[in-house]
Amino acid sequence: MNVAIMGYGTIGSGVAEILEQNSQQIRQASGQPVELKYVLDLRDFPDSPVADRVVHDFGIIENDPDVQVVVEAMGGLNPSYPFVKACLLAGKHVVTSNKALVAAYGTELLELARQKQVNFFFEASVGGGIPIIRPLYRCLAGEKLQEITGILNGTTNYILTKMDKEGASFESALKEAQALGYAEQNPEADVEGHDTCRKIAILTAMATGREVDYQEIHTEGITRITDMDFRYADRLGASVKLFGTSRMEGDQVHACVVPVMIGKDHPLYSVSDVYNGILVKGNMLGTSMFYGSGAGKLPTASAVVADIIEAVQNRDRNVALGWSGDRLSIGAMDTMEFRYFVRAAGSCTEGKDLVESHFGPAEYVCLGDAGEFAFLTGKMKEGDFKEKAVAFETAWKDSHPEGILQMIRAEL
Ligand code: HSE
């Protein structure tokens, strides 16, 4: 079997490296040799081990009947979408690490793969090297899934960990993540939560078998999280993580991407640095957790190579996976329930009565030196919290016009 790699960046070069280094293992698992025939890129790589296989014309791959599996590692939607579509139409299996592509065009590409009796695999698109897509459609196939909550972005987890444990600035931690090859070309996709949004959309579609429009998912990033939040979190024995969450109750599905304050007893608390962790709750299984390297060259490429092997093993048939074009409607964010960590101007002594009259019983954190205090509400719907917060600020504004300084959902 011959493979072509489109895009010789971080992931594409990692795939070439693994195909070479682990060729014996891959041959054994596939039942036949797997050769890298072409690498498509705009650039030349004269000093690389693939120098003699670099091509610049996609048509060479599309029209070569000896290429049976194509790896898409270009990222973005253009030209990856037309190229992937053309490969499937040409009867080639496609393996991708591109979550933007899967979230935007997965329904169409999965259907095309079914029609052409080939495969469209995307294990590496969520959780980097962590097996999560295949467990969902294989090992958990008999489960009714109720919740998926994950730290799904290595870059933001790396940044939050550095801010929490080392007091690093947001900017310096982001630069390190970029240097380590974790961040997207435009890191806004990481830090504004868009990458996590596409990943939780893919997992939700896998779990429900229905199409999810990622644009319906309420998405916040980590750019508003400050060192002051970590000072309070520290006092609470907690940390702040960026969660992608999907809660499924019957036909009702809620999903969001938000920073969440969690305590040491939360299973995702110890998921640090570039690691990702994904909790999956099924009606029979209960909760299981998937953990590992969520980004980076070789971990992500490892998942791509596993998909290549799966494609070789199923070269003449389409493996049933994914979702249909039946669109799932995502419930309104206002109906999701959380506890809320709130920082407000003033002091605990001044604010307590007003907090309790608006939000009900709360827990307080007073640092004592900051002209502000923090409280943790009980669990309530987001819409209710917003109404209470407006009323609280209105009552508080004469003496403390700054009002509420921060709100972070909490699972404490
Ligand atoms: N930028 C992504 C991350 C890469 O940091 O998780 C892996 O999808």
Side-chain angles (χ1 to χ4, degrees), residues 7 9-15 18 71-77 80 95-104 106 121-134 148-163 168 170-206 214 217 219-223 225 240-245 257-259 268 271-278 290-307:
T10 307
I11 311 304
S13 60
V15 173
I18 296 177
V71 172
E72 186 280 303
M74 293 179 288
L77 298 178
S80 57
V95 170
T96 185
S97 56
N98 184 343
K99 50 266 159 166
L101 176 72
V102 181
F121 289 140
F122 44 91
E123 180 62 64
S125 67
V126 182
I130 306 172
I132 181 63
I133 299 291
R134 194 155 296 115
I148 300 178
T149 290
I151 294 172
L152 297 168
N153 182 269
T155 302
T156 46
N157 206 39
Y158 185 86
I159 293 171
L160 291 173
T161 304
K162 294 279 165 195
M163 288 173 76
F170 179 91
E171 290 74 19
S172 72
L174 172 59
K175 277 202 183 108
E176 282 179 44
Q178 286 174 303
L180 290 163
Y182 303 153
E184 298 299 304
Q185 270 172 9
N186 177 1
E188 201 178 295
D190 297 298
V191 298
E192 296 299 351
H194 306 313
D195 179 78
T196 301
C197 170
R198 280 149 181 85
K199 290 167 174 169
I200 196 67
I202 293 168
L203 294 180
T204 307
M206 288 297 301
Y214 65 87
I217 298 176
T219 298
E220 296 174 19
I222 62 162
T223 47
I225 303 299
V240 181
K241 305 283 188 186
L242 185 66
F243 275 6
T245 294
V257 176
V258 288
L268 294 172
V271 177
S272 300
D273 295 316
V274 72
Y275 288 95
N276 283 191
I278 307 153
F290 300 82
Y291 170 83
S293 295
K297 178 175 170 170
L298 293 176
T300 309
S302 167
V304 171
V305 169
D307 274 353

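Counting starts at 1 for both ligands and their atoms, in listed order.
By the ring-ring contact (aromatic ring centres under 6.0 Å, His included) test, Y275 is found to be paired with Y291, residues two or more places apart in sequence or in another chain being considered. The ring-ring contact (aromatic ring centres under 6.0 Å, His included) test applied to Y158 returns Y182, not counting sequence neighbours.
For the pair I200/L152, a side-chain contact is recorded, criterion being any heavy-atom separation below 4.5 Å from C-beta on.
L160 pairs in a side chain to side chain contact (heavy atoms under 4.5 Å, CB included) with only one of the listed residues (I151, N153, I225), which is I225.
Judged by distance alone, with hydrogens and angles left aside, the side-chain atoms of E188 form no donor-acceptor pair with the main-chain N or O of V191 at under 3.5 Å.
Every protein residue with a heavy atom nearer than 4.0 Å to ligand 1 is included here: K99, N153, G154, T155, Y182, A183, E184, D190, D195, K199, G294, A295.
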Side chains of residues 295-303: which donor-acceptor pairs under 3.5 Å do they make with residues two or more places apart or in other chains?
{"residue": "K297", "atom": "NZ", "partner": "E17", "partner atom": "OE1", "Å": "3.2"}
{"residue": "T300", "atom": "OG1", "partner": "G296", "partner atom": "O", "Å": "2.7"}

